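Letters A, B, ... mirror the listed sequences (proteins, then strands); counts begin at 1. Remember, predicted model here, so these are calculated numbers, not experimental data. Every heavy atom of this structure was used, including side-chain atoms; hydrogens, water molecules and symmetry mates were not.
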Amino acid sequence: MEKWASNKAWFLVLPVFVIVAFSAILPLMTVVNYSVQDIFGPGQSVFVGTEFFKQVLADSRLHEALLRQFLFSALVLLIEIPLGVLIALAMPRKGVWVSACLVTLALPLLIPWNVIGTIWIIFTRPDIGLLGSTINHLGLAFDHTASPMDAWVTVMLMEVWHWTPLVVLLAYAGLRSIPEAYYQAAKIDGASSWAIFRYIQLPKMRGVLTIAVLLRFMDSFLIYAEPFVLTGGGPGNATTFLSIYLVKIALGQFDLGPAAAFSIIYFLIILLFSFIFYQALQNVGKGGRS
Amino acid sequence: MSLDWMAWTFPTAVFFISIVVILAAMTIWQVLWPSMERRGFLPITTTPGDRLFIGLLGSAYIHLAWIGLTGLTLWIAFGLAILWLVVVMIWG
């Protein structure tokens, strides 16, 4: 009886399979088909084999965009994870301020991504922007539309402002799940604040922090809307990340074949890192139980 | 419903049919002879499905490396990928 009930459950997940097939598998198959053909129009195509892959793999601008992407994701993790933990540690554990802090922190997460870019364009404008003009009035030349370094700083600031709250919320949830008895025991032992963090809070947050690292890496690796709206990938190609470059090829130049080949390589990179992080996550869970 | 918009070619159709056949065969194998997780030369414990995934992902990277680094025929990369897949499935 139990086995029959379990088998019937497969019909309940069937709609998900159908939706995934139409939303992910069929488009992926189409991308693979496009990557091996030069398509001129409906029904007009020439099979080119792996030519587009050769072209894309030899593209120096793709290599630069890939390096930029890895650098960006690494900086995101190095800044957002420690900062998120620090803010979570500083937040009140009980009282009316808890709700106020949580709502305030959640606000950037509720804003649409393209609006985030627009907000930061205005905020960092060197002539009228609150941040941009303040920095310029301090005597420091700041213009994210002209200087690659300023553009990077602005994109990083925007990214940290937008997504650190997610890390804070996850870390805070992890902290809240630690029973009060642990803190009482540490107090009796005369443990320092650092010892409490190192031996109680950090190990207990390990699970949520792994999820935070996973989410932030994948999101930052796929980033498109915010830097596209803010800098358009410039100045020059200074903030052209992988997805921006991909859209330039696919829609700007309408080179569907190379764009499809590029998409497959992009997909394989994400698949590899997802698998590595998934395995890391699994091992964290096993480590916690042992 | 026409599938012309998907721009199918014979090689890509063979590729996807092969993947579907492999997945179906693995599913039947798993249903008939369920296997446990085990540890081989890979640094993680794996099920046959995990090893198939690692094998296929590795095969994709072998092909990409071959295309990017050499100008030789892709059949050699295909042979290496099959070898890698077999090694991972048996000893991984």
Q) Which atoms of A:Leu256 come close to chain B, meaning under 4.5 Å heavy atom to heavy atom: side chain ones, backbone ones, both, or neither? A) neither
Q) Taking atom CZ of A:Phe47 as the centre, does the number of heavy atoms from other residues, nucleotides or ligands within less than 6.0 Å exceed 12? A) yes
Q) Atom CD1 of A:Ile25 and atom CZ of B:Phe16: how far apart are they, to the nearest 0.5 Å? A) 9.5 Å
**Q.** More than 12 heavy atoms of other groups within 6.0 Å of A:Phe70 CZ
**A.** yes
Q. Side chain, backbone, both or neither: which part of B:Ile54 has a non-hydrogen atom closer than 4.5 Å to chain A?
A. side chain
(Q) Take a 6.0 Å sphere around CZ of A:Phe40 and say whether it holds more than 12 heavy atoms from other residues, nucleotides or ligands. (A) yes
Q. Among residues 74-91 of chain B, which ones touch chain A with a heavy-atom distance under 4.5 Å?
A. B:Leu74
Q | Spacing of B:Met6 atom CE and A:Thr30 atom OG1 [to the nearest 0.5 Å] | A | 3.5 Å
(Q) Looking at A:Phe254, I want to see if its CZ is surrounded by more than 12 non-hydrogen atoms of other residues, nucleotides or ligands under 6.0 Å. (A) no
Q: Return the minimal non-hydrogen interatomic distance between B:Ala7 and A:Ile39, and the atom names on each side.
A: CB-CD1, 4.0 Å
Q | Heavy-atom proximity to chain B below 4.5 Å, by part of A:Ile264 | A | neither
Q.
Test side-chain contact (heavy atoms from CB on, under 4.5 Å) on A:Leu271 and B:Phe53; report intermediate values, then the result.
A. CA-CA 10 Å; A:Leu271 205 56; B:Phe53 176 79; 3.9 Å; yes
Q) Side chain, backbone, both or neither: which part of A:Val36 has an atom under 4.5 Å from a heavy atom of chain B? A) side chain
(Q) Need one label for B:Leu57: side chain, backbone, both or neither, based on atoms under 4.5 Å from any heavy atom in chain A. (A) side chain
Q | Pairwise distance CE(A:Met29) to CZ(B:Phe15) - rounded to 0.5 angstrom | A | 9.0 Å
Q.
For A:Phe72, I'd like to know if atom CZ has over 12 heavy atoms of other residues, nucleotides or ligands within 6.0 Å.
A. yes
Q. Nearest 0.5 Å, what's the CD-CD1 distance between A:Gln279 and B:Ile44?
A. 3.5 Å
(Q) What's the separation between atom OG1 in B:Thr9 and atom OH in A:Tyr34, rounded to the nearest 0.5 Å? (A) 12.5 Å
Q: Tell me, yes or no, whether the heavy-atom count around A:Phe275 atom CZ, taken from other residues, nucleotides or ligands under 6.0 Å, exceeds 12.
A: yes
Q. From A:Ile269 CD1 over to B:Tyr61 OH, what is the distance, rounded to the nearest 0.5 angstrom?
A. 5.5 Å
